[in-house]
Amino acid sequence: MTALPQHGQNASAVLAELRQRRAADLPTHGGRTLAYVYDSGLAEIDELAAAAHASAASANGLDPTAFPSLAAMENDLVAAAAGLLGGTPSTVGSVTSGGTESCLLAVLAARNSRPELDRPAMVLPATAHAAFHKAAHYFGVRVITVPVDPRTFRADSAAMAAAIDADTVLVVASAPSYAHGVVDPIAPIAAAAAQRGVRMHVDACIGGWVLPYLRRLGAGVPDFGFGVEGVTSISVDLHKYAYCPKGVSVLLHADAGLRRSQYFASADWPGYTMLNTTLQSTRSGGPLAAAWAVLRNVGDDGYLSLAERTATATAVIRDGIGQVPGLRILGDPDATLLAVTAAEDAGFDLFTVADEMRTRGWYVQPQFAHAASPVNLHLTVTAANRGNEQRFLDDLRDAVGAARSRGPVTVDDELVALLAELDPEQLTGEQFATLLAGAGLGAGGGLPERMAEINALLEAAPAALRERLLLEFLGLLYRPEA
Ligand SMILES: *Cc1c(COP(=O)(O)O)cnc(C)c1O
């Protein structure tokens, strides 16, 4: 643990240490990290964003009358998002800290608009982002999960419609889903919601800033914006395909009446009347100003060409993966996300492929099996991948070969049986620590070089146990002495 130094250190030493620590992280640029980060490949954007971020980082969005520039920039970002997503003169919105906050607020606004309901519920396709399960957990909304088509992974609009009942406060669909990158049938789902007088949220967190451009470039993606009858709110993350620094998303509502129940006020204390548009109260102006600067600098034509580069990279990578024996793409992705799985009899382990890619300098994100979706590797393709596709494909082919020679990863049968028996609610923190240590995730030890064995074990664990194990792991990671 490094506590507060007794004497302040000089700035250059502090920055040097920071740089040294950051060197251990995955790279955020160059297209080698195919999850979590988004790289436009345009270096000047980063410098501009950093300068804009610094200029407003200490300003506080808590009070828009004290910092009117932040309110004005927020209105500009909302207007830009509305312009892309079929907004009308009635469209309003809020800038939030990220996609999860936008989704949380969409659920909160829907729930709070129906205070008469004792057991409010929302209807989700099984592929909806986990942010909605978090919203359910935070705000006491029941989740009605509707299975998706087992082959296309698209929401089943008839089944979604049938799941709406008198307790439903919100229906959700994705454009596209994170896991498979496919766009749900928004129009029939929104129509069914509208017919029952229920709100409909389109989660375009990841697709909202790229799909409209792909449509303009001729992709056959149906409309998913406010032009679709019945859509009442849309989330879009600027820190994804708008290539802004982390900490910015927009939640749009079709009109101000729909947004009102998202707002919060409290005058019931001796301080300032707390007036909040989002979950945060004090809100840094940094991410907002950075996003505002990036949007102005890139402009509509800039995003069109970034989308074109990204789409080309996605197509090249997708075709190339189709030519690697044993690999295939799940579903028929509509956007710039790919889920790569292995044929049943492929003779290699996908988690090992992920490890082998890591040793070749690429991060691909393992996704566990869920319902009809088998274990797969998620790729978020960005503009920075354009031009380097072949290098990625060559390494992927190599990684598969290496995984083939390493052979299958097996989890001990007895351990699998034990995992199936364990009740995550009954286990103590100590028992979890023992289990984690057995899995190679002990306290303070950091992550092992190869994750395949751990992933195989986690894959074998029932979902609730996997959640608990990883939460205990998180609890060990966040210790001052770690
Ligand atoms: C990324 C994402 C979210 C959550 O966004 P965060 O910015 O990670 O909080 C929600 N929905 C979808 C579809 C996403 O891709």
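Counting starts at 1 for both ligands and their atoms, in listed order. Note: hydrogens, waters and symmetry copies are ignored here, and every other heavy atom, side chains too, is used. All values derive from a computational prediction rather than experimental measurement.
Between H180 and F153, the two ring planes are parallel [angle under 30°; tilted spans 30° to 60°]. Taking the six-membered ring where the residue is Trp, Y178 and H378 present parallel rings, their angle staying beneath 30° rather than reaching 60°.
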Going by atom type alone, with no hydrogens or angles, which donor-acceptor pairs under 3.5 Å involve a side-chain atom of residues 181-193 and a protein atom two or more places apart or on another chain?
residue, atom, partner, partner atom, Å
D184, OD1, A155, N, 2.8
D184, OD2, S174, N, 2.9

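By the side chain to side chain contact (heavy atoms under 4.5 Å, CB included) test, R309 is found to be paired with A383, R386, residues two or more places apart in sequence or in another chain being considered.
Counting only residues at least two apart or on different chains, the salt bridge (charged side-chain N to carboxylate O under 4.0 Å, His left out) pairs with a member in residues 460-470 are R468-E472.
Contact check for D167 versus R142: side-chain heavy atoms found under the 4.5 Å cut-off.
Every protein residue with a heavy atom nearer than 4.0 Å to ligand 1 is included here: G98, G99, T100, H129, P176, Y178, D203, C205, I206, D237, H239, K240.
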